[in-house]
Novice: 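This is the structure I want to talk about, given as structure tokens.
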Amino acid sequence: MRPAPRHLNPLPLLLALLLLAACGGGGGNDPPAEPEEPIIETVGPGQFMAASPLGSVTAAEISVAVQGAGTRAPAVAPRYAVTNYRLEYLTTGGDGKQIRASALVSVPVKGPGARSPVMSYQHGTLFRDAEAPSNHAVAAEPAVIMASLGYIVVAADYVGYGVSRGAPHPYLLSAPSAAAVLDLLTAAKYWRQKNKVADNKQLFLVGYSEGGYVTMAAHRALQAGSHAQKGQVLAVVPGAGPYQLEATLDALLRLVRDDNPLVAALLNPGVLKNLGSTLRREVRDQLLKKALPNDADVVFDPTFIDNYLADDTAAIERMSNVHDWKPEVPVRLYHGRDDRTVPYASSAVTLAAMQARGAGDKVSLTDCNAQPAGHLDCVVPFWGFMLGQLAPTARDL
């Protein structure tokens, strides 16, 4: 014979359920897990094409490389080993056509489930393809060094380098420069999601020289568009970039005049535009020879020079200049006053233009304190400055 059922007091059970709900389902005070983002596969520009491993570098090897470089490398203390990958994706070249491009992705080796901020690093002008990031995944590569500090670093080779070698590099052309970065951000995000490489939704854009220019072009395009990572950008640090093209080429043209005193009077865009395309091409070739070393193996698109020598200010403004707009997140410009490669005026004009549009203290210009403060002299100080600017904001390092 079964015993008569007992009537349970429901109060303790209700209290337990309420307590469980208040504690987030039994997880103590831990915040609820973030829902996973949908994985979206892009077709066309930004499309992920392939990834291949490039090996790993230990923190000790990176430390030795930094110490061996002495004053030619930033004084940092690597914390993590770094695993490197070459990522291939679709972007748009200077001719407006789609092209397969490549990049280096450097990932710090952290514990399971650890997240990292993303640093989009844009390299300076390179004349040899072997120096492009995905061809140079060694301990001394800036992208690798920055990854050893805890950032996931994505570094575009740019069109004309890596898998796109042979195609003209769209030098100082803002649209394809920006596209190489934004399309990489899209493809790299897809790759990270597929491979469970966790980021913390913080994005920083940095670069020096041409890298500063590309950083500025990418930031402007990112802000103006509807890119999925637009709202993740927290700070932008461009160094010594030719944001205002005329100021840069005026300085370069002065150097050519000094080397060619017999025709110095003719070497002026206001005169050249009336002297025919043949003479302008000759001056353009002299400018390129002045800029390119003898062993360069990268092809540069001369459109930026042709527009300058034709005195086509409308084309320069439309295709090259990236200085006159209002940023919505902090932009920390950095430049040396003794810079003869990219004159300080480029940054000064940019600061003035952005503040005239109401940017206020969102944009600032810091002088390089090296002695002398030339273009190459300020490369290493820039890295220290850049890391200092990111330090208060970057999490999960």
Side-chain angles (χ1 to χ4, degrees), residues 41-52 86-105 120-136 154-191 205 207 209-222 224-227 241-243 245 281 284 287-288 291-292 296-308 310 312 315-322:
E41 186 172 8
T42 299
V43 177
Q47 182 176 346
F48 169 81
M49 303 301 291
S52 53
R86 175 181 289 110
L87 191 149
E88 298 180 22
Y89 63 103
L90 291 183
T91 190
T92 305
D95 58 2
K97 298 178 181 177
Q98 289 185 27
I99 188 170
R100 190 166 177 142
S102 54
L104 173 64
V105 179
S120 178
Y121 158 63
Q122 286 66 246
H123 67 76
T125 305
L126 301 174
F127 303 110
R128 288 170 284 275
D129 180 59
E131 297 172 353
S134 78
N135 290 331
H136 195 248
V154 295
D157 289 335
Y158 307 156
V159 170
Y161 301 85
V163 299
S164 62
R165 179 183 173 185
H169 171 50
Y171 188 62
L172 302 187
L173 297 179
S174 61
S177 295
V181 175
L182 270 59
D183 293 335
L184 170 59
L185 291 175
T186 299
K189 180 70 173 183
Y190 173 81
W191 175 84
L205 308 178
S209 192
E210 182 186 357
Y213 174 87
V214 177
T215 294
M216 191 75 81
H219 180 200
R220 184 179 68 172
L222 199 61
S226 57
H227 195 280
Y243 321 112
L245 184 66
R281 280 196 298 270
R284 174 237 282 170
L287 285 168
L288 287 174
L292 300 176
D297 61 4
V298 176
V299 180
F300 283 73
D301 185 332
T303 299
F304 73 105
I305 294 183
D306 288 337
N307 288 339
Y308 172 74
D312 191 341
I316 292 170
E317 184 63 31
R318 183 178 69 255
M319 301 176 71
S320 293
N321 287 346
V322 295

Novice: Per the salt bridge (Lys or Arg N to Asp or Glu O under 4.0 Å) rule, what does the pair list look like for residues 157-169, sequence neighbours excluded?
Specialist: Arg165-Asp297

Novice: Would you list the pairs meeting salt bridge (Lys or Arg N to Asp or Glu O under 4.0 Å) in which at least one residue belongs to residues 172-184, sequence neighbours left out?
Specialist: none

Novice: What residues, two or more places apart in sequence or in another chain, satisfy side chain to side chain donor-acceptor pair (under 3.5 Å) together with Asp306?
Specialist: Arg284

Novice: Listed by chain and number, what are the side-chain contact (heavy atoms from CB on, under 4.5 Å) partners of His136, not counting sequence neighbours?
Specialist: Val138, Glu141

Novice: Please name all residues satisfying side-chain contact (heavy atoms from CB on, under 4.5 Å) with Ala187, sequence neighbours left out, ordered by chain then number.
Specialist: Phe48, Leu87, Tyr89

Novice: Got a sec, which residues hit side chain to side chain donor-acceptor pair (under 3.5 Å) with Gln98, two or more places apart in sequence or on another chain?
Specialist: none

Novice: Excluding sequence neighbours, so at least two apart, what forms side-chain contact (heavy atoms from CB on, under 4.5 Å) with Ala315?
Specialist: Asn307, Asp312, Arg318, Met319

Novice: Please list, chain by chain and in numerical order, all residues satisfying salt bridge (Lys or Arg N to Asp or Glu O under 4.0 Å) with Glu88, sequence neighbours excluded.
Specialist: Arg100

Novice: In Å and rounded to the nearest 0.5 Å, what is the CG to OH distance from Leu245 to Tyr308?
Specialist: 8.5 Å

Novice: Who are the side chain to side chain donor-acceptor pair (under 3.5 Å) partners of Arg128, not counting sequence neighbours?
Specialist: Glu131, Asp295

Novice: With sequence neighbours left out, write down each residue that passes ring-ring contact (aromatic ring centres under 6.0 Å, His included) with His123, or none if nothing qualifies.
Specialist: Tyr158, Tyr161

Novice: With Ser174, which residues qualify under side chain to side chain donor-acceptor pair (under 3.5 Å), at least two apart?
Specialist: Arg220

